[in-house]
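Note that the numbering runs from 1 along the sequence shown for the chain.
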Amino acid sequence: MFMLCTTNESVEEAVPILSNAEYLILDCEGRDLGFCSTLCSLTLLRHGRMDYVELFYSYSCPIENVLDLQLVDVLSRKGRGESDYVRMRRMGRRSFPLSEVKKLQVEEVYVLNSMDGAVREHGIEGIQLKDATSGWMVRPLTDALLEYAASDIIRIAALYDHFRARGYLEQTQRLRAQSMLYVTMHHTAGKPEQENIFLRGPYLPLCVLQPVSLDDGDKAPWRCIRRADSDEQGIQCMACKRTMLDVHFPLRSAAVLNGAYVGNKNGKARTQICKICTLILAKKQYATDHILEEIKDPSRGR
């Protein structure tokens, strides 16, 4: 059961109900959500980066006191006994096998779960997995789309209850600070371009889990360039343009062979492209090489 607010009167009726709630769940539906070509449709937090971008830049409405469940999901993995091998296996797909991942320096790189993936992985029963839908910019919205939007809220609520019951939300203050850092990643740079492959990958931005001190206090929660216990300044990635700690950049003096470092792991010289962008470029190059091989020898693709 849900209430669709399309008039000032219906919003005024909903505000007292929402004001008395323990927490609010936000989910946005639209076309190319959070990118420059976005048209935002129905506003209903999970994967809050794009929700924040859309509300901030399209409606001048920043979000505060957030808790992003996609971040909580990543943090819960160590407590659930996930090994480093499994973490790396998440990066390896059919189009980019684990053997290729093992050639890269990918410490502190985490793959984000989709909504369906999180529901399945945490074994939450009684929640129907959703089918892909379209037509968000057509009015009036169909009953199927309204049910779809409402079901997303139900699924986020189920994840929240599950995480709370498992004790994943105990460090509330830290989780909120990390969530705020996560969702405001695009705060200063503006909406990312749709074709920017470095800002749309399924990876948790580097340094979100790193303890930091914010240079400008609460005025700049999106900056992540210094350790909490160090004066070391960060550097800007040439690909994604984010400024972060140097540990998030591959070492020039070392390489990885079958998951193990070779060369000088204690060297200080780093590349100018962060570990996530290096991974994205490696995946793109691998796909290109695979296509070229099939062109040269069509039998390889059979």
Side-chain angles (χ1 to χ4, degrees), residues 1-15 17-18 21 23-63 66-71 73 93-95 111-122 124-161 182-187 189-203:
M1 184 64 183
F2 59 85
M3 171 181 171
L4 178 63
C5 299
T6 59
T7 64
N8 290 339
E9 290 75 18
S10 60
V11 171
E12 290 176 358
E13 182 181 349
V15 166
I17 300 173
L18 298 175
Y23 56 87
L24 300 178
I25 298 174
L26 170 67
D27 186 41
C28 293
E29 304 290 356
R31 189 185 71 198
D32 300 334
L33 192 68
F35 292 97
C36 286
S37 59
T38 300
L39 289 176
C40 189
S41 173
L42 184 66
T43 302
L44 300 179
L45 199 3
R46 212 198 79 92
H47 188 46
R49 275 186 298 171
M50 295 298 101
D51 292 337
Y52 184 95
V53 167
E54 195 55 47
L55 292 175
F56 183 79
Y57 284 104
S58 296
Y59 302 100
S60 300
C61 181
I63 315 171
V66 301
L67 179 64
D68 194 288
L69 298 188
Q70 202 169 39
L71 173 61
D73 172 41
R93 296 290 187 267
R94 184 177 179 180
S95 59
V111 176
L112 297 167
N113 253 335
S114 65
M115 180 88 79
D116 284 347
V119 169
R120 280 193 298 263
E121 187 172 311
H122 289 274
I124 301 176
E125 299 179 354
I127 299 296
Q128 184 176 0
L129 301 183
K130 65 181 183 180
D131 296 323
T133 58
S134 59
W136 289 107
M137 309 322 301
V138 179
R139 293 295 184 272
L141 290 171
T142 64
D143 290 342
L145 289 179
L146 292 175
E147 291 288 350
Y148 176 101
S151 70
D152 264 6
I153 296 300
I154 293 172
R155 288 142 60 84
I156 295 174
L159 283 170
Y160 177 80
D161 290 341
Y182 175 45
V183 304
T184 56
M185 275 289 170
H186 301 306
H187 189 108
K191 284 186 178 183
E193 298 289 342
Q194 178 72 14
E195 62 273 14
N196 190 330
I197 62 173
F198 303 110
L199 298 180
R200 55 178 296 140
Y203 308 105

From Leu69, Ile153, Leu159, residue fulfilling side-chain contact (heavy atoms from CB on, under 4.5 Å) relative to Ile25: Ile153

Test item: Leu112 and Tyr203 side chains (from C-beta on) under 4.5 Å apart, heavy atoms: no

Crowded around Glu13 CD? As in, over 12 foreign heavy atoms under 6.0 Å? no

Output the distance between atom CG (Asp143) and atom CG (Leu4), rounded to the nearest 0.5 Å. 10.0 Å

Can you see which heavy atom on Ile127 is nearest to which on Arg155, and at what distance? CG2-CG, 3.2 Å

Give me the atom names and distance for the closest heavy-atom approach of Leu141 to Trp136. CD2-O, 3.6 Å

Using the ring-ring contact (aromatic ring centres under 6.0 Å, His included) criterion, which residues pair with Tyr160? Sequence neighbours excluded. Tyr23

Please enumerate all residues that pass side-chain contact (heavy atoms from CB on, under 4.5 Å) together with Ser10, with sequence neighbours excluded. Met3, Cys5, Thr7

Evaluate the side-chain proximity of Asp73 to His122: yes if any heavy-atom separation is below 4.5 Å, no if none is. yes

Working to the nearest 0.5 Å, report the span between OG of Ser114 and CD of Glu121. 9.5 Å

Ile156 side, atom CD1; Asp68 side, atom CG - distance, nearest 0.5 Å: 9.0 Å

